[in-house]
Amino acid sequence: MTQQTDRAAASRVLSGGFWIVLSQSFVFILVFVAQRMILSTLTKEENGTLFFERRLTDLLLGVLVDFGLNGVVLRRVAQEPGRAREILSSVVAFRLAMWVIAAAIAASAAAFSGYSALDVIIWSTYVLIAARTTLLRYTFETPYRVHGGFRLVAAVTALDAVMFLFVTSLLRNILSPTVVICAYAVSAVPGFVLLVLRDRGRTFAASAVRVKEIRSVVTEALPVIVAIGLIMLHGSIDTFILEVVGTPKDVGVLGAITASVAPFLTVVPQAVVLAAMPEIARTVRKHMYGGSENMIRDLLRFVVVIGTLTAAVSAPLMEQFVLVVSGGRYLQEWTQFYWYVWTAPFLGIFIVFQELTVTLQRRRVLTTVAIVLLSVTVVTAAALVPQYLSAGAVYARLGTLAVASVCCFLAVRHMVADAIDLLFMIRSYILIGVACATSVVLLSETSALVASAVTCVVALVTAVLTQLLRPTDFHRVLQLAGKGRSTHE
């Protein structure tokens with residue numbers, strides 16, 4: 001790519017990432033308030049029931065309805081804009097049909113396991129139309145994402161959060177697992193309806209559905225669905241083991257950690273990755289892999305640094321966070337929240353890798369890493385969960401993602417040789433290790449606030465010394481931000 005083209009692409013990524021980060025930060029604040037009401041009202045046993053029903057449904061719908069299509073569809077629409085309506089209409093029809101099947105299976109599995117089939121059906125509806133689940137709504141958002149129109153995407157995502165807080169507040173005195181699930185489902189309806197009305201048939205039309213297109217997209221996604229299924233199972237296996245060897249209370253603790261912390265860790269990585277992938281897809285089509293190396297390297301630098309800084313700042317404050325978000329109900333388990341936060345940099349690396357393999361059509365690589373991820377998860381969860389229960393699930397998740405991140409780095413180096421080298425990997429782990437060690441030592445010697453501030457400074461200095469963060473990065477961001485503002489003006 002020329003320098004001018006590179007700046008234009010970086011500007012679009014920055015602008016798109018900015019709007020997604022802004023909306024997701026707003027969403028996190030609102031959901032934080034709503035989660036505080038939920039976690040401080042539901043008992044640990046009730047929260048365990050809620051978490052298990054959601055996990056079961058997410059796994060089945062994630063495999064059968066997601067089907068690994070998003071990356072394939074995004075790349076096709078970016079590279080073949082003239083066929084966008086046909087591609088998207090076919091995907092919408094396929095997902096609606098698969099949703100009926102997946103929801104029926106999930107409801108049957110829930111009833112067989114002694115849980116509420118009605119809860120699962122309602123949650124299945126939410127999963128289909130919600131912003132966070134990247135299923136039907138993501139398909140309608142694809143044209144905006146491809147062309148950098150992230151303002152509308154950000155707006156409807158924020159609307160979901162506003163509605164969720166509003167409905168949860170109205171029903172606060174009668175909260176139960178079923179009521180919470182209903183609140184989620186109701187909150188997603190206005191944003192989805194607004195997006196469909198705004199679309200005016202440009203994304204979906206029954207006349208544009210093509211069986212041949214469905215067959216083509218599904219065939220291309222088949223290697224992805226195997227990997228996605230393995231990854232989804234990795235995310236759920238600790239819950240299933242904990243449900244067998246533990247109590248609903250133990251599952252409730254893990255559910256509280258996941259519900260309150262996990263969304264916060266993925267906000268920035270997902271924002272930047274979703275903004276960057278259309279640019280990488282366009283670059284690969286025009287220049288093959290040439291020209292994409294710098295963007296991929298910068299993307300990995302960014303998620304490593306931001307993930308580490310996120311953990312460095314927030315981990316020492318987890319005791320206070322748990323006190324606020326749960327009204328003290330989960331204060332005894334605050335160290336589990338602490339260690340879960342340190343999955344942030346590893347999670348960011350995996351998010352980049354997962355989307356990159358689909359964009360570059362290297363799905364066998366994704367499947368290989370997914371097999372390693374699931375294998376390590378099974379071993380660590382089987383070893384740690386029976387002995388340490390919810391804490392064991394957290395330790396297993398942290399260890400698994402750390403191992404997986406090494407595989408992701410090596411796989412990216414295999415796919416795009418010039419993007420990163422072994423020294424880049426070493427520098428990344430030095431940054432994460434120094435920040436984590438600093439946090440642990442300071443937290444035992446000083447106040448949480450001091451530990452948070454000092455760990456953040458140490459992480460920033462280490463990032464600069466390891467050249468993962470460069471002085472020119474600040475200038476570049478400010479320059480591109482100024483260019484983005486002048487463009488919109």
Side-chain angles (χ1 to χ4, degrees), residues 15-35 37-38 54 57-58 61-62 65-66 69-70 73-74 77 84-85 88-89 91-93 95-96 99 102-103 119 121-172 179-205 259 262-264 266-268 270-271 273-275 278:
S15 177
F18 169 77
W19 283 107
I20 297 177
V21 169
L22 185 66
S23 67
Q24 291 297 328
S25 299
F26 177 67
V27 166
F28 177 76
I29 294 171
L30 297 182
V31 172
F32 172 84
V33 177
Q35 285 295 341
M37 287 186 277
I38 294 170
R54 289 173 53 179
T57 310
D58 289 346
L61 267 70
V65 184
D66 181 280
L69 296 177
N70 288 335
V73 171
L74 188 69
V77 172
R85 193 180 192 215
L88 294 172
S89 296
V91 171
V92 169
R95 280 187 161 162
L96 285 173
W99 176 81
D119 287 358
I121 292 173
I122 297 172
W123 186 255
S124 297
T125 304
Y126 166 76
V127 171
L128 181 68
I129 64 174
R132 76 168 186 85
T133 52
T134 66
L135 294 183
L136 199 59
R137 184 181 293 195
Y138 187 91
T139 310
F140 280 91
E141 292 174 349
T142 298
Y144 302 103
R145 293 179 181 275
V146 168
H147 299 293
F150 289 94
R151 291 189 179 187
L152 179 62
V153 174
V156 293
T157 302
L159 178 60
D160 278 11
V162 171
M163 288 298 301
F164 180 58
L165 178 58
F166 175 70
V167 175
T168 304
S169 300
L170 285 180
L171 304 176
R172 180 174 185 174
V179 172
V180 171
I181 288 174
C182 289
Y184 272 107
V186 171
S187 68
V189 172
F192 180 71
V193 171
L194 178 63
L195 195 63
V196 173
L197 293 177
R198 177 71 172 76
D199 182 75
R200 297 177 183 175
R202 288 189 293 268
T203 297
F204 176 75
F264 170 63
T266 59
V267 167
V268 176
Q270 284 185 338
V273 169
L274 290 174

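Keep in mind that this is a model prediction, so the values were computed, not measured.
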Legend entry - Contact check, side chains of L136 and V65, non-hydrogen atoms, under 4.5 Å: no
Legend entry - Interatomic distance, T139 atom OG1 to D199 atom CG [nearest 0.5 angstrom]: 11.0 Å
Legend entry - Rounded distance (nearest 0.5 Å) linking atom CZ of F32 with atom CG of L165: 12.0 Å
Legend entry - Side-chain touch F140/V196, heavy atoms, less than 4.5 angstrom: yes
Inset, instruction - Identify the two heavy atoms, one from S89 and one from F204, that lie closest to each other, and give their separation to 0.1 Å. - result: OG-CA, 3.3 Å
Inset, instruction - Kindly give the heavy-atom pair with the smallest separation between A103 and L61, and that separation in Å. - result: N-CD1, 4.2 Å
Legend entry - Interatomic spacing from CG in L135 to CG in N70 - rounded to 0.5 Å: 7.0 Å
Legend entry - Lys/Arg cation over aromatic Y184: R54, 6.0 Å, 45° cone: yes
Legend entry - R172 side-chain N/O to M37 backbone N/O, donor-acceptor pair under 3.5 Å: no
Inset, instruction - Can you measure from CG (D58) to CG (D66) and round to the nearest 0.5 angstrom? - result: 11.0 Å
Legend entry - Stepwise side chain to side chain contact (heavy atoms under 4.5 Å, CB included) check, L128 with L96: CA-CA 9 Å; L128 181 68; L96 285 173; 4.2 Å; yes
Legend entry - Least distance between heavy atoms, A259 atom then Q35 atom: CB-OE1, 3.9 Å
Inset, instruction - Flag the pair Y126 / I122 as yes when at least one side-chain heavy-atom distance between them is below 4.5 Å, and no otherwise. - result: no
Inset, instruction - Measure the spacing between SG of C182 and CG of D119 and express it to the nearest 0.5 Å. - result: 7.5 Å
Legend entry - Nearest-0.5 Å distance that lies between atom CZ in R95 and atom CG in L88: 10.0 Å
Legend entry - Within 6.0 angstrom of F166 CZ, more than 12 heavy atoms from elsewhere: no
Inset, instruction - Locate the shortest heavy-atom distance separating T142 from L74; write the atom from each residue and the value. - result: CG2-CD1, 4.1 Å
Inset, instruction - Looking only at non-hydrogen atoms, find the nearest pair between V156 and G191 and report the distance. - result: CG1-O, 3.9 Å
Inset, instruction - Considering non-hydrogen atoms only, spot the tightest contact between V186 and P190 and give its length. - result: O-CD, 3.3 Å
Legend entry - Selection residues 133-144 - residue pairs positive for salt bridge (charged side-chain N to carboxylate O under 4.0 Å, His left out), sequence neighbours left out: R137-D160, E141-R145
Legend entry - Side-chain (W99) to main-chain (S124) donor-acceptor, under 3.5 angstrom: yes
